[in-house]
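These numbers come from the heavy atoms of this one structure, side chains and all, not from hydrogens, waters or symmetry mates.
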Protein chains: 2
Amino acid sequence: MTTQVSPPGEGDVEHPAGGTRWLDAEEQRAWRAWLYSTQLLNDRLERELMRATGIPTAYYEILVQLSETPSRQMRMSELADRCLSSRSRLSHAVSRLEERGWVRRQECAEDGRGLLAVLTDEGFAALEAAAPVHVEGVRTHLFDQLTPEQVEAMRDLGETLLRHLDPSR
Amino acid sequence: MTTQVSPPGEGDVEHPAGGTRWLDAEEQRAWRAWLYSTQLLNDRLERELMRATGIPTAYYEILVQLSETPSRQMRMSELADRCLSSRSRLSHAVSRLEERGWVRRQECAEDGRGLLAVLTDEGFAALEAAAPVHVEGVRTHLFDQLTPEQVEAMRDLGETLLRHLDPSR
DNA sequence: GCGGAATAGTCAAGCGCTCAACTACGCTAC
DNA sequence: GTAGCGTAGTTGAGCGCTTGACTATTCCGC
């Protein structure tokens with residue numbers, strides 16, 4: 001995941017044409033710090049939410065998306081897109097949420113191919129119970145560590161990258 | 001994963017004492033941008049490396065760590081720490097890398113309990129083949145998108161969070 | 001209205017991760 | 001020396017994700 005390994009015998013300055021654009025020492029440092037910090041933060045939030053509530057963050061995200069919709073329901077595909085999830089993954093996940101009684105599938109009137117994922121009252125209650133845990137984690141491990149300027153920089157970075165990685169958003 | 005769901009009936013300003021410190025609109029925006037961008041970036045790099053070389057980033061990271069050591073070998077536990085990996089996870093991963101002939105386990109002279117993971121020549125060759133793909137991905141999807149100021153901010157953010165999440169580093 | 005492409009969603013196989021239990025060795029103190 | 005504890009590493013069960021193939025429905029052009 002780290003990025004090093006300029007092939008042995010090669011320094012920082014590379015084949016002027018066609019060669020790999022290796023990272024210099026500063027870029028290495030920035031990349032590793034970013035990589036490790038995001039990974040540690042996600043691991044931490046995942047673990048804390050899981051321990052406290054038994055809900056993985058991937059499921060939490062599904063519940064959140066459904067809860068933010070006026071009727072607490074959404075087409076499977078749109079839900080997948082919003083959760084940055086593949087159709088298949090979402091389908092599996094919704095099946096498991098259905099087993100917990102937190103979501104149910106409902107046929108879609110306008111489109112015979114489609115299904116709606118509907119958040120149940122039990123699902124909403126589970127979300128309400130989990131939200132404080134998750135938010136407190138984000139607060140403690142992220143915002144409490146940063147100055148307002150750093151928060152601003154984080155937003156700017158995230159939005160810049162989003163424009164490249166997912167222009168539709 | 002997103003963080004919303006202030007319980008219905010509650011606004012942004014909360015129970016002054018003991019209540020959850022919900023995120024305000026600005027924080028929401030920053031958090032979601034960060035969360036989605038890191039997720040999309042990781043997915044993208046993972047997918048590109050996997051398609052081009054058949055190596056998952058988790059294995060790539062193991063190969064990199066071993067390659068950066070003078071003798072291309074490292075104690076299992078240290079390798080796990082450096083890869084932000086559990087012992088168990090690393091043990092499984094090394095077994096699979098052994099099947100590919102890229103790593104082998106070797107008994108440790110100084111400590112009868114310990115094992116060394118040793119990078120083989122085949123493993124090093126696989127790494128050399130994969131590195132340009134990975135570096136080019138990081139270049140294209142990250143550094144090419146950012147100004148020098150943003151790169152600096154990224155490093156600063158990452159290092160600030162690392163100090164909190166993993167003080168030993 | 002019919003044939004073909006596109007879209008919505010599911011499912012099974014295979015891989016990788018987590019958790020908890022387990023083996024084996026080392027360290028310290030008596 | 002041996003009891004007890006801590007450390008190193010492995011293992012197996014179970015879960016979740018990915019991929020690719022599959023069914024069903026809709027859309028489009030003629």
Answer yes or no: is there a side-chain heavy-atom contact under 4.5 Å between B/Glu159 and A/Arg29? yes
Shortest non-hydrogen pair, B/Tyr60 vs B/Ala131, comes out as OH-CA, 3.3 Å
A/Arg72 to A/Phe124 six-membered ring, cation-pi geometry met (6.0 Å, 45°): yes
Can you pull out the residues from residues 100-113 of chain B that lie within a 4.0 Å heavy-atom distance of DNA chain C? B/Asp111, B/Gly112, B/Arg113
Using every non-hydrogen atom in the two residues, find where A/Ser91 and A/Met76 come nearest and quote the distance to one decimal. CA-CE, 4.0 Å
Name the residue from B/Val94, B/Leu116, B/Val118 that meets the side chain to side chain contact (heavy atoms under 4.5 Å, CB included) definition with B/Val103. B/Val94
Check the pair B/His141, B/Glu48 against side chain to side chain donor-acceptor pair (under 3.5 Å), reporting the backbone distance first and the verdict last. CA-CA 11 Å; B/His141 302 309; B/Glu48 288 181 358; 2.8 Å; yes
Of B/Ser67, B/Cys83, B/Pro56, which is the lone residue that meets side chain to side chain contact (heavy atoms under 4.5 Å, CB included) with B/Ile62? B/Cys83
Can you pull out the residues from residues 89-97 of chain B that lie within a 4.0 Å heavy-atom distance of DNA chain D? B/Ser91, B/His92
Nearest-Å distance for atom pair CZ/P, residues A/Arg87 and C/dA8: 5 Å
Just the rounded figure in Å: distance from P of D/dC17 to CG of A/Leu84. 13 Å
With heavy-atom distances below 4.5 Å as the criterion, would you say the side chains of A/Thr38 and B/Trp34 are in contact? yes
Using heavy-atom distances to pick each residue's nearest nucleotide on DNA chain C, tell me which of A/Glu78 and A/Arg47 is more 5'. A/Glu78
Residue A/Tyr59, side-chain heavy atoms: nucleotide from C/dT18, D/dG16, C/dA8 that is nearest: D/dG16
Whole angstrom is fine here: how far is it from CD1 in A/Ile62 over to C1' in D/dC17? 12 Å
First of A/Arg51 and A/Leu115 reached from the 5' end of DNA chain C, by closest nucleotide: A/Leu115
Separation of A/Asp43 atom CG from C/dG16 atom C1', in whole Å? 15 Å
Between the base of C/dC17 and the side chain of B/Ser86, is one N or O donor paired with an acceptor at under 3.5 angstrom? no
To the nearest Å, how far apart are B/Glu99 CD and C/dG14 P? 15 Å
Can you find a pair of side-chain heavy atoms, one from A/Leu41 and one from A/Ser37, that are under 4.5 Å apart? no
If I take atom CD1 in residue A/Ile55 and atom P in nucleotide D/dG16, what distance separates them, rounded to the nearest angstrom? 13 Å
In whole angstrom, give the distance that lies between atom CG of A/Asp81 and atom C1' of C/dT7. 12 Å
